[in-house]
Amino acid sequence: MLVWKNLFLKWMALLIVATSAISHTDALPLPDREAARAAAILAPPAGDGSIDQEIRKLQASIKKGRNIDAYFLRLGWAFVSKARVSSDPGYYKLAELCAQSATNSDDSDALLLRGHISDALHRFADAEAIARKLIEVPHARWESFALLGDALMEQGKLDEAIGAYQRMIDIRPCMQTYARVAHLRWLKGDLEGALELMRIAVEASTTRDPEPAAWAYTRLGLYQLQAGNSKEAAWSAQRATEFIADYPAALVLQAKLFVNENKTGDALSVLKRGAAASPLPENQWFLADVARAAGDNELATKTEASIQQRGKAEDPRSFALFLATRKQKADDALKSAQQEFETRRDVFTYDALAWASFANGRLEDAATFSKKALREGTRDARLQTHAAIIAAATKSPDAATLLKTATSLRPLLLPSEREQLDALLSKNSSEASASARSTTTTPTHVSSR
């Protein structure tokens, strides 16, 4: 590697901005490639949160030439944390550059970072391959089994993920391992078990690792809301924001609680902050729904236009669900769901395929995919609502049971999804009333002889 100070002078002379460096790194000759990577890695973040401050400290240490490889990897993990909070995939790209910049980019520490980046960028097969390599190392770390479980889970291989997570928690029971197993239990339909383990997870949380703690408290809040404990859910959401101020996922949870209390104005206020910090299609969809309910049609229209413009590239699965729910561009909805299915075959992707197929009038396909979405017993509000609507349309004998389950999960739905569930409930009620009237006979008058 070149002497650090001389290399740094070269970066400054090139005047390569971070985004340009990321886009064109691989096309450059090796010396210029290293310079471009470094220019991107050392561009200071614009924010002033705790993660941004940590990133700047690590960048300063790298510039001074202090144990550069170790600081590259630490900086990579800091970029991962920033990406999780901001939902900006550009930070994952920066983290990837950090892993590539280490002297030995194939050692276990660098591989672990690369594996988590691959998982975050939905390159699940790549993440699985890296994880399988890492678990063959003598005295494999719990993080390697965590990565393997994560990659398997996203591909819908839950039984294999269970084995990986068991090895993980056997090596180290801690906040992050408990949280993963809790989520897996929830996916399997075990809400009580998920609650138990997530409570253990948050009790082990620490301010030294704030982002995973904020995530765990938010997930706990969602489980509590599903269990009907709104006050506990509100407390958990508040605790999440104490680890990271205005943590987007916690703000979204708070907005759901406000919607359930018919406090549309309060919901809109927190959602504006949440969607601004994390402009994922899912968050923007919720914002558009609430803005429309609050009478802010201008904001709703603007937000929906943003989803239409960026949704397919940023999150094809959520984009497919949005279009299908809105009954817009049904062909695009199905294509987006199919795009996601190429790399991600979990129950939620099967649900997206089912819902997009239903929007296209392909009822047989919708029913087939919906059954696969239900295969693990996951009690997710959206998944169960779609299954109930599809079952009703296909005259499935399970329709009544699915509708009952979906109704119990209604507080977790977005407003536009509630409207569709309510429409089915209203239709069933009307049909039941009509059936009752048709079976009621009018007493026949018998004249006396």
Side-chain angles (χ1 to χ4, degrees), residues 18-19 22 40 43 45-52 54-55 75-98 113 116-124 127 150 154 176 179 183 209-219 221-222 237 240-241 243-256 270-291 299 302-322 336 339-340 343-344 346 348-349 352 382 414:
T19 54
I22 295 170
D48 197 37
S50 60
I51 295 174
D52 302 298
E54 177 66 13
I55 288 172
L75 179 58
W77 286 112
F79 281 134
V80 168
S81 293
K82 178 68 175 177
R84 287 172 177 164
V85 172
S86 66
S87 302
D88 184 346
Y91 287 106
Y92 287 122
K93 296 293 187 180
L94 289 172
E96 197 163 35
L97 292 180
C98 289
L113 176 58
H116 276 281
I117 293 164
S118 294
D119 187 71
L121 294 176
H122 295 189
R123 302 197 298 253
F124 302 118
D150 293 349
E154 295 290 356
Q176 295 199 46
H183 182 60
D209 204 2
E211 191 279 329
W215 181 88
Y217 267 108
T218 304
R219 289 302 306 181
L222 286 167
T241 62
F243 282 90
I244 296 181
D246 279 353
Y247 185 60
L251 295 177
V252 169
L253 173 56
Q254 289 176 339
K256 286 187 177 181
V270 295
L271 268 179
K272 285 179 180 178
R273 305 202 317 268
S278 177
L280 292 172
E282 178 80 15
N283 295 342
Q284 290 188 314
W285 178 3
F286 194 8
L287 175 61
D289 276 4
V290 174
L299 176 59
K302 179 181 177 181
T303 305
E304 288 163 350
S306 178
I307 300 171
Q308 294 278 5
Q309 182 179 8
R310 300 163 49 195
K312 184 175 182 179
E314 293 183 358
D315 185 353
R317 186 167 71 188
S318 293
F319 184 58
L321 291 166
F322 169 79
S336 292
Q339 176 187 333
E340 185 80 349
T343 57
R344 200 178 199 180
D346 62 350
F348 301 108
T349 306
R382 174 177 290 162
L414 301 185

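Everything numeric here is computed off the predicted structure, so don't read it as measured data. For reference, positions follow the sequence shown, starting with 1.
- Summarising the geometry, atom CH2 belonging to Trp77 is positioned 10.5 Å from atom CG belonging to Asp209; distances are rounded to the nearest 0.5 Å.
- Put simply, the side chain of Val80 reaches to within 4.5 Å of the side chain of Leu113, judged on heavy atoms.
- The two residues Pro316 and Ser336 come nearest to each other via the heavy atoms O-CB, 3.4 Å.
- Taking 4.5 Å as the limit, some side-chain heavy atom of Leu121 sits within range of a side-chain heavy atom of Lys93.
- Counting all heavy atoms, side chain and backbone alike, Leu97 lies closest to Ala40 at CD1-CB, 3.8 Å.
- Using a 4.5 Å cut-off on side-chain heavy atoms (C-beta onward), Tyr247 and Glu211 make contact.
- Considering CG of Leu287 and CG of Leu280, their distance stands at 12.5 Å, rounded to 0.5 Å.
- To the nearest 0.5 Å, atoms OG1 (Thr303) and CZ (Phe286) are separated by 13.0 Å.
- Residues Glu304 and Phe322 have side chains in contact (heavy-atom distance under 4.5 Å, counting atoms from C-beta outward).
- The structure places CH2 of Trp285 at 5.5 Å from CG of Leu321, a figure rounded to the nearest 0.5 Å.
- Contact between Ala250 and Ala237 at its shortest, heavy atoms only, is CB-O, 3.7 Å.
- In this structure, Leu414 CG and Arg382 CZ are separated by 5.5 Å, a value rounded to the nearest 0.5 Å.
- Closest non-hydrogen pair, Glu96 versus Ile117, comes out as N-CD1, 3.4 Å.
- Counted by atom type alone, Gln284 and Ser306 present one or more donor-acceptor pairs between their side chains at under 3.5 Å.
- Under the 4.5 Å side-chain criterion, counting only non-hydrogen atoms from C-beta, Val270 is in contact with Arg273.
- Side-chain contact between Val252 and Leu271 is present, with at least one heavy-atom pair separated by less than 4.5 Å.
- Using a 4.5 Å cut-off on side-chain heavy atoms (C-beta onward), Phe348 and Glu154 make no contact.
- Note that the CG atom of Asp346 and the CZ atom of Phe124 stand 7.5 Å from one another [nearest 0.5 Å].
- Not one N or O on the side chain of Ser278 forms a donor-acceptor pair closer than 3.5 Å with the backbone of Ser87.
- Closest heavy-atom contact between Ala240 and Thr218: CB-OG1, 3.6 Å.
- The closest side-chain heavy-atom distance from Ser81 to Glu54 is not below 4.5 Å.
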